[in-house]
Amino acid sequence: MPYLSQMLSRPVVDADGKEIGRINDLAIQTGEVFPRITSLAFKGPSKTPFMVSWRKYVSNYDGNRVLLNVAGHNIRFSYLQPDELLLARDLMNKQIVDTQGLKVVRVNDLKISQSGPQMRLLGAEVGALGILRSLAPWFEKLVRKGAELLRRPLEENIIAWNYMELVDRDLSSLKLSMTHKRLNELHPADVADILEQLDPQQRVRVFDYLDAQHAAETMSELEEEYQTDLIDDLSETEASELLASMDPDDAADVIGDLPYEKAEKLLWLMGVQDSRRIRSLLGYREKTAGGIMTPEFLSVLEDTTVTETIEKLRAERESFPAVSYIYTVNSQGVLLGALSMRALVLASPDTKVHELAEKDLITAGPDEDQEEVADLITKYGLLALPIVDEKKKLLGIVTVDDAMEVLEEEHTEDLKIAGASSSGRDDDPGSVGVLLRWFLRRMMWFVLWSILALMVVMAGGIEYFVGALALAPFVLLMADNSVSFAVSDLLNYGGSSAKATLGKLFRRNLILTLAVALLGTILTFALSGALNVTAVDPGAGDMLQSNAALLTQAQTFAFISEIRDACIPAVVTACVVTLSSIFVLLYGRRLLDKGKEISNTAIAFAVMLGALALQFGLTYLFQMMQSL
């Protein structure tokens, strides 16, 4: 089967055997699953472009040239039709949406099926082979042969035409059966994943093809930064209509991230009812139950019958969120109970809803932390949790999907704290890159110590810093552990700035610091005792039988002395880095509050470097004081 890159620039020969031009492009009719090649575009003498009907004039393509069935002077030229597009111009090297793999890819080549004179487009080659083929066919063959010899053959990566969406060119004037219509058939979460891979201009262009309801649902699935960017790229009228179509809690989240003037303008352009629902949520603090609840719920007075309740349910607008519970309230809106849809359907028509309602309800206040609310929903297996004020008046509900989003958000934050990625872009666990990152993180202390030792030796400072080098691994491991403590605190306490929490963590670190200082003191006295024993042993001279033995004793004495002198700077440094984990904790919390990721590796590297600088600086000062 030929590829488009193999056909371009091939000769076009008429029935008399005369070359009349070179293939420049092929046109397809887009309204088919595997579109037919409908027109041949070629360049004639003096680079003049021509286009002819494939069905009418092409006899065959033999792999080297296109053969026409008429003489050149009998050809009648045609034009590109509204439902046609050119493969090289409109698809080659363009971005497309793979609606099966749900990702944005680049077209490197196009595969064509041939059956006699008829040819059809099968799909796009988006893999490495297409790039190699476009560079040079012989280069592609060479790489293929090499890969086969290594028993790692390169495979084609073809996306069928019926799974392709075009994003690089405005095709709104075309009557397409595939292009852009398929996006409306995808789940909004899948469309959001695709939009996030596009640049802003393409994102708006594709977003315009979604119907109003699908666009609103897709907007709710986008990440916050993409929501804000998309709102900025839409006109104020379009943006206000889109936000009005969204669930109020999702719309409030988007508006809350906008500048005040723009937010007020969009709310003013909405209808009064939509604006009031959204404004009622904007007053609650971020990451609270009030911030994620929706004011759209179904409540009825306690003396309402089952029949009246069902009629009220039928009267709700179509875009009303899925109803899981019916809430019973009194005339002041105070929550009295709740009943499930199952209980409502199975009850007799004249039954009062208060007879069916469950009175012992799990509720939460609007100022409670969103994570605690999500935990309540998962703990008790609820589909929705009512949010009430201090007077038990029903304000809204938090649905299970909102709870899942909160838990996912908290999980993502925990991954950021732990230095992991939630994007799903991790390499193969067995790859060299993953192994290298693991080694650098786990053995960073050894790498730094090795580099430092090499630098000290090359600088001729080994006689001054031999003790410090011997104790540097201890300092580096303490620094690494201090960062691990801070990361653990972020995971367990969320980096809370409450005085009680910080005080508790500081006291724990202080106890660890005192323990390190005590162990360091014991080690220093032990080394001092060893030096005294070596220096005053009266039988040492009789036991030594040679100058070599004397030299060995002197070297041992000097080494132990260096270790003893280096203990104080090392212990002081270890105590400092142990206490510093509380500051690492505060720094990490500050980064998270700004929406930035925390690199566990980068922080550990910085703390280790600081620890080494402090240890060697103190060692140098200690030696200077001894020499005075």
Side-chain angles (χ1 to χ4, degrees), residues 441-449 451-453 456 461 464-493 495-497 499-531 559-590 598 600-626:
R441 181 61 191 94
R442 298 298 181 186
M443 303 298 291
M444 187 189 301
W445 69 270
F446 179 75
V447 174
L448 288 175
W449 180 78
I451 295 173
L452 179 65
V456 170
Y464 301 104
F465 295 109
V466 63
L469 279 176
L471 295 177
F474 163 71
V475 171
L476 289 169
L477 288 172
M478 288 298 298
D480 194 12
N481 286 333
S482 73
V483 174
S484 298
F485 267 118
V487 170
S488 178
D489 293 339
L490 278 172
L491 288 170
N492 294 328
Y493 303 105
S496 173
S497 59
K499 291 183 179 179
T501 302
L502 290 178
K504 175 183 176 182
L505 297 177
F506 183 79
R507 286 193 298 272
R508 181 206 63 191
N509 286 11
L510 184 60
I511 293 172
L512 289 174
T513 301
L514 294 176
V516 171
L518 178 62
L519 290 175
T521 303
I522 294 173
L523 177 61
T524 303
F525 277 107
L527 291 172
S528 297
L531 287 173
F559 180 71
I560 296 177
S561 178
E562 289 283 351
I563 295 293
R564 183 199 61 182
D565 294 342
C567 273
I568 295 177
V571 170
V572 171
T573 303
C575 292
V576 170
V577 296
T578 302
L579 281 175
S580 71
S581 65
I582 195 73
F583 299 103
V584 174
L585 166 67
L586 295 175
Y587 175 71
R589 180 72 265 172
R590 183 179 179 184
I598 294 176
N600 191 354
T601 303
I603 293 177
F605 180 76
V607 173
M608 286 183 187
L609 283 183
L612 287 177
L614 179 60
Q615 181 200 2
F616 276 72
L618 290 175
T619 301
Y620 178 76
L621 290 175
F622 192 70
Q623 290 181 350
M624 292 292 292
M625 291 173 63
Q626 285 184 323

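Because the structure is a prediction, the values reported are computed rather than measured. Counting begins at 1 with the first residue of the sequence.
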_Nearest heavy-atom neighbours spanning M444 and A604_ = SD-C, 4.3 Å
_Tell me every residue that passes side-chain contact (heavy atoms from CB on, under 4.5 Å) with A570, counting only those two or more places apart in sequence or in another chain._
L471, V475, Q615
*To the nearest 0.5 Å, tell me how far T573 OG1 sits from I568 CD1.*
11.5 Å
_With L477 via side-chain contact (heavy atoms from CB on, under 4.5 Å) - residues at least two apart_ = W445
*Which residues pass the ring pair (Phe, Tyr, Trp, His ring centres under 6.0 Å) test with F605, sequence neighbours left out?*
none
*CD1 of I451 to CZ of F446: how many Å apart, nearest 0.5 Å?*
10.5 Å
*Could you pull out the closest heavy-atom pair between A574 and M478, with the gap in Å?*
CB-CG, 4.1 Å
_Distance (rounded to the nearest 0.5 Å) between T619 OG1 and F616 CZ_ = 6.5 Å
_With rounding to the nearest 0.5 angstrom, report the CG to CG distance, L609 to L448._
5.5 Å
*Nearest heavy-atom pair of L469 and P473: which atoms, and what distance?*
O-CD, 3.4 Å
